Amino acid sequence: MSNRLPVVARASKTILDQIGGTPLLRLVRVTRGLPARVEVHLKAEWFNPGGSVKDRPILRMILDAERDGRLMPGKTLLDSTSGNAGIAYALIGAVKGYPVELVMPANASEERKRIIAAYGARIVISDPLEGSDGAILLAREIHDRDPDRYVKLDQYNNPSNWRAHYDTTGPEILEQTGGRVTHFVAGIGTSGTLVGVGRRLHDADRRIEVVAVEPDEPLHGLEGLKHLATSIVPGIYDPSVHNRKLPVSTEAAYAMARRLSREEGLFVGESTGAAVEVALAIARDLREGVVVAIAPDGGDRYLTTPLWRDLVI
Ligand SMILES: Cc1ncc(COP(=O)(O)O)c(C=O)c1O
């Protein structure tokens with residue numbers, strides 16, 4: 001235990017003021033064997049009030065839409081989501097008084113659907129075989145049937161998504177590493193995290209390497225991540241932001257997520273396992289460096305999924 005006083009959480013008017021400002025945690029055990037001057041850190045986004053990285057872009061998309069008159073009381077928020085963005089919409093909609101309708105594939109985790117329902121949002125189920133692309137197409141259809149009722153902020157094509165990360169996640173990583181970050185690793189769902197943080201880090205220092213993580217096959221078990229070659233490519237995706245794109249298998253990502261729980265006390269989701277698997281591969285090739293990987297969410301969202309379902313209790 002350190003004998004420093006704990007940092008007192010900041011006071012706020014609503015829970016929304018607590019979005020962002022997440023801890024940066026250094027990995028100390030899964031990194032054994034790396035050279036002493038190589039550090040690997042996790043940006044722990046499960047500390048956001050909605051439990052994931054998605055609180056940041058969804059709040060920013062809503063605030064920007066209110067500011068420019070696209071969103072006002074009486075409108076219903078509609079979008080497609082594999083779950084975490086849905087939780088962010090449901091939470092923020094509850095605070096601000098907007099009804100929320102979310103289209104998600106039937107195979108989205110049970111925990112996420114229940115959390116969304118707990119915040120009072122409505123879920124529309126799309127074909128599980130069509131994955132997140134099926135949810136995108138059904139959300140478009142629902143919107144076009146009654147365009148006056150719905151505001152579809154469309155996280156895949158909305159620049160407020162990556163701007164949230166450019167203005168918050170990126171500067172936080174620069175500050176928390178004292179500007180020493182040399183590599184940034186993130187998976188791609190909408191690509192908002194990778195594009196926003198990547199652009200911000202490159203504006204600070206072109207030499208920082210931005211590394212994208214991609215499932216190694218189209219049919220994978222990494223919720224939140226896209227296999228781009230076989231998916232609808234998000235409008236905000238900009239391949240020039242990442243210096244490299246590395247594949248990761250579902251098995252390796254699960255194994256790393258389990259190691260993070262058991263060896264580091266970090267109960268994380270499978271896309272965090274994927275990012276750390278790649279971060280460690282990069283770190284092994286360095287003699288010196290500060291690698292930061294994004295941890296989009298916590299493990300409690302996956303208790304009924306293959307990641308944790310077969311735990312012996
Ligand atoms: C668990 C998880 N990992 C990774 C991502 C990818 O983040 P982004 O949409 O910023 O690319 C998401 C996005 O929804 C997610 O829910």
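Here the structure is a predicted model, which is why all the values come from computation and not from measurement. As the structure lists them, so they are numbered: ligands from 1, and atoms in each ligand from 1.
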Chemist: Could Arg122 and Glu101 be called an ion pair, given the rule that one side-chain N must be under 4.0 Å from one carboxylate O?
Modeler: yes

Chemist: Dump all N/O pairs between ligand 1 and the protein below 3.5 Å as a table: atom names plus distance, one pair per row.
Modeler:
residue: ligand 1; atom: 3 (N); partner: Ser271; partner atom: OG; Å: 2.7
residue: ligand 1; atom: 9 (O); partner: Lys54; partner atom: NZ; Å: 2.8
residue: ligand 1; atom: 9 (O); partner: Thr190; partner atom: N; Å: 2.8
residue: ligand 1; atom: 9 (O); partner: Thr190; partner atom: OG1; Å: 2.6
residue: ligand 1; atom: 10 (O); partner: Thr193; partner atom: N; Å: 2.9
residue: ligand 1; atom: 10 (O); partner: Thr193; partner atom: OG1; Å: 2.5
residue: ligand 1; atom: 11 (O); partner: Gly189; partner atom: N; Å: 2.7
residue: ligand 1; atom: 11 (O); partner: Thr190; partner atom: N; Å: 3.2
residue: ligand 1; atom: 11 (O); partner: Ser191; partner atom: N; Å: 2.8
residue: ligand 1; atom: 16 (O); partner: Asn84; partner atom: ND2; Å: 2.9

Chemist: Answer yes or no: is there a donor N or O on one side and an acceptor on the other, between the side chain of Glu111 and the main chain of Thr304, under 3.5 Å?
Modeler: yes

Chemist: Testing the 3.5 Å rule here: is there a donor-acceptor pair between the side chains of Arg60 and Ser160?
Modeler: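 Not at all, the side chains of Arg60 and Ser160 share no donor-acceptor pair under 3.5 Å.
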
Chemist: About how many Å separate CG of Leu138 and OG of Ser126, when rounded to the nearest 0.5 Å?
Modeler: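 The distance works out to 6.0 Å.
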
Chemist: Does any N or O in the side chain of Asn161 come within less than 3.5 Å of the main-chain N or O of Gln155, such that one atom is a donor and the other an acceptor?
Modeler: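 Flag set: sc Asn161 to bb Gln155 pair under 3.5 Å.
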
Chemist: How would you list all residue pairs meeting ring-ring contact (aromatic ring centres under 6.0 Å, His included) that involve residues 46-83, not counting sequence neighbours?
Modeler: none

